Amino acid sequence: MCGIVGAVAKRNIVSILVNGLLRLEYRGYDSAGLVVVHDAKLERVRSAGRVAELGQKSANTYGELGIAHTRWATHGVPSERNAHPHMSRDLIAVVHNGIIENYEELRTELTAQGYEFTSDTDTEVIAHLIHSHYAQGSLLIATQMALSQLVGAYAIGVVAADNPHQLIAARKGSPLLLGVGVGEHFVASDMSALLQVTKNVVYLEEGDVVEVNLANYRIFDQLGNSVQRQVHVSELDNDSVELGEYQHYMQKEIHEQPQALANTLESVCNSQSLVPGIFGAEANTIFPQVENILILACGTSNHSGQVAKYWLEEIAGIPCNVEIASEYRYRTSVPNPKTLVVTISQSGETADTLAALIHAKSTGHAFTLAICNVPESAIIRQSKLRLLTRAGPEIGVASTKAFTTQLAALFLLTLVMAKLRGRLDAEREQQFLHELRHLPAAVQKVLALEPKIAEMAKHFANKHHALFLGRGMHFPIAAEGALKLKEISYIHAEAYPAGELKHGPLALVDADMPVVSVAPNDTLLEKLKSNLQEVKARGGELFVFADAETHIKESEGVHILQMPEHAGFLSPILHTIPLQLLAYYVALEKGTDVDKPRNLAKSVTVE
Ligand code: AGP
């Protein structure tokens, strides 16, 4: 979704703004813009294209105070006139992430006051509102007054033409960070934009407003009280967001999975036994009381939850439900205070998942656990317990290493729960720990299949549809494979539990419908083989991702990719890798924008 960068310094900050926006490109955007304050004037540059174009257009611009934005259209088409910053009477400029729900009403009121609107955005009302209060002289107070009139979600940056060393920023429902430098300060919607200038960061809290000056800053909470917030030193380094030897971030992130898994599992693999404390100190008292588990997440993160349901019920014997966060938040459910509510999110800022968590708490759920890749994110801060996946920054819109590390974290949850419920004896625990230690190496072996998968991908380049089949805990993996393919190659792909085939989707099967099947060597293999026969008999072309011992023969119309080993309960993690690679190479064949697929954003911070 949209990205924000702001800076106040004693040097030209235009390249900082542009480089920051380049770092935020991965979030997804359709236009970009910046404004600087120079000689008591606002100088605005906007582009309906890429940030690189904005960089060219602003090459001769100078300013020591400015704000910049990448826009992901919500209100109004992607165009230069709708690109941020939005201005009011050449005095106030605003960038905004989020959605203002009462903007129509405010627009009518402001129009009646004589304000002229030059865009179709909801954001422009913020600029005029601030302007309408600015007569009183303080940009901070004018912004606070304007914010009190807004309904919705926002992260904003504000500057005024007659205030050359001050930037106001605020957040509610959308992420925003303050970067602390020496005699200079910055704001951004995520850390990757700030690494070029500082590692010292303050995570602004819900409702915070910050007045940022050259030498200092002041933070006010949602009640307007002046507050202190801790300065953290980010563990991210610039290299972790560099592309390096890879062609795309998605390819890089697929290849980072062995390391990401090793990092996520590090504390556990170095110990001899599993303890609830890895989820936070309070887990020791909460976990023994838990009667069932409710998992809330969206997209890929929801798929990891669906795999975990199989693990939690079979290994730990604990009932588990998995819900789409955007559905759960609006339905009437029956809360059980002994339920552990688990939210799963790469970003920790997904609006639907965050809202579902807040909704669950409002209905009386006190046991909350976040499995998340971003420390200090909103979802982490809203949860009692947490397990951080240590995948490192994920830049590609298509989630890859975040997914497999989520699975690893959920497997740990399963084992801890199983142990507490007397379903994991010492021998089995050691066996599972051994398998977890081996996991990064096993994933590495699967990655070696990349050239074969690249060849296979050629069969998909001119197809318009694909079916993905799986059974049991591999059905969510098939669903994840279909999501990856549709997301980055724009081929329509659907996943079905293979047993459902003859209840409808078989009607679609013909030579133009490739059928991808996840076929590990498990108890459902024989049934899956029959399902595959049904496809073959209808002239369908099969692509089977089989284990070493699966024994399905290659023949005309049946392409087999043999996995190096079978990983038992951890097999869903291994079987994910070839499906990620398949989607990646099909997208390459089709020449789509792999890391920034059309219409999609990395962090979905609006509803
Ligand atoms: C995955 O490839 C998608 N980009 C998307 O489904 C994503 O997983 C979803 O939006 C949830 O995001 P989160 O994990 O950051 O909450």
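The shown structure was predicted, so the numbers you read here are calculated from the model rather than taken from an experiment. Both counts, for ligands and for their atoms, begin at 1 and track the order of listing.
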Do me a favour and list the nearest non-hydrogen protein atom to [atom] with residue, atom name and distance?
{"atom": "atom 3 (C) of ligand 1", "result": "Glu487 OE2, 3.1 Å"}
{"atom": "atom 10 (O) of ligand 1", "result": "Val604 CG2, 4.0 Å"}
{"atom": "atom 1 (C) of ligand 1", "result": "Thr300 OG1, 3.0 Å"}
{"atom": "atom 15 (O) of ligand 1", "result": "Ser347 OG, 2.7 Å"}
{"atom": "atom 9 (C) of ligand 1", "result": "Cys298 O, 3.8 Å"}
{"atom": "atom 16 (O) of ligand 1", "result": "Thr350 OG1, 2.5 Å"}

Report yes if some N/O of Gln406 lies less than 3.5 Å from some N/O of ligand 1; otherwise report no.
->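 N/O-N/O distance under 3.5 Å: no.
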Say whether Val397, considering both its backbone and side-chain N or O atoms, lies within less than 3.5 Å of an N or O atom on ligand 1.
->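 Yes; the residue has a nitrogen or oxygen that sits under 3.5 Å from a nitrogen or oxygen of the ligand.
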Any idea which atoms of ligand 1 are less than 4.0 Å away from a heavy-atom of [X]?
{"X": "Ala398", "result": "2 (O)"}
{"X": "Gly299", "result": "6 (O)"}
{"X": "Lys484", "result": "1 (C), 2 (O)"}
{"X": "Ser301", "result": "8 (O), 13 (P), 14 (O)"}
{"X": "Gln346", "result": "13 (P), 14 (O), 15 (O), 16 (O)"}
{"X": "Ser399", "result": "1 (C), 2 (O)"}

With a 4.5 Å heavy-atom cut-off, do [X] and [Y] have their side chains touching?
{"X": "Ile573", "Y": "Ile477", "value": "no"}
{"X": "Tyr496", "Y": "Phe468", "value": "no"}
{"X": "Gln406", "Y": "Ser301", "value": "yes"}
{"X": "Glu314", "Y": "Met473", "value": "no"}

Given ring-ring contact (aromatic ring centres under 6.0 Å, His included), test Phe543 with Phe460 step by step and report yes or no.
-> CA-CA 10 Å; Phe543 297 85; Phe460 289 75; 4.7 Å; yes
Can you spot which of Leu274, Val342, Leu387 makes a side chain to side chain contact (heavy atoms under 4.5 Å, CB included) with Leu413?
->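 Among Leu274, Val342, Leu387, the one that satisfies the side chain to side chain contact (heavy atoms under 4.5 Å, CB included) with Leu413 is Val342.
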Are any of the heavy atoms in Glu349 under 4.0 Å away from ligand 1?
->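 Outside the 4.0 Å threshold, so no.
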Centres of the [X] and [Y] rings: under 6.0 Å?
{"X": "His248", "Y": "Tyr584", "value": "yes"}
{"X": "Tyr154", "Y": "His96", "value": "no"}
{"X": "His492", "Y": "His464", "value": "no"}

Shortest non-hydrogen contact from Ser31 to Ala48?
->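 It is CB-CA, 3.9 Å.
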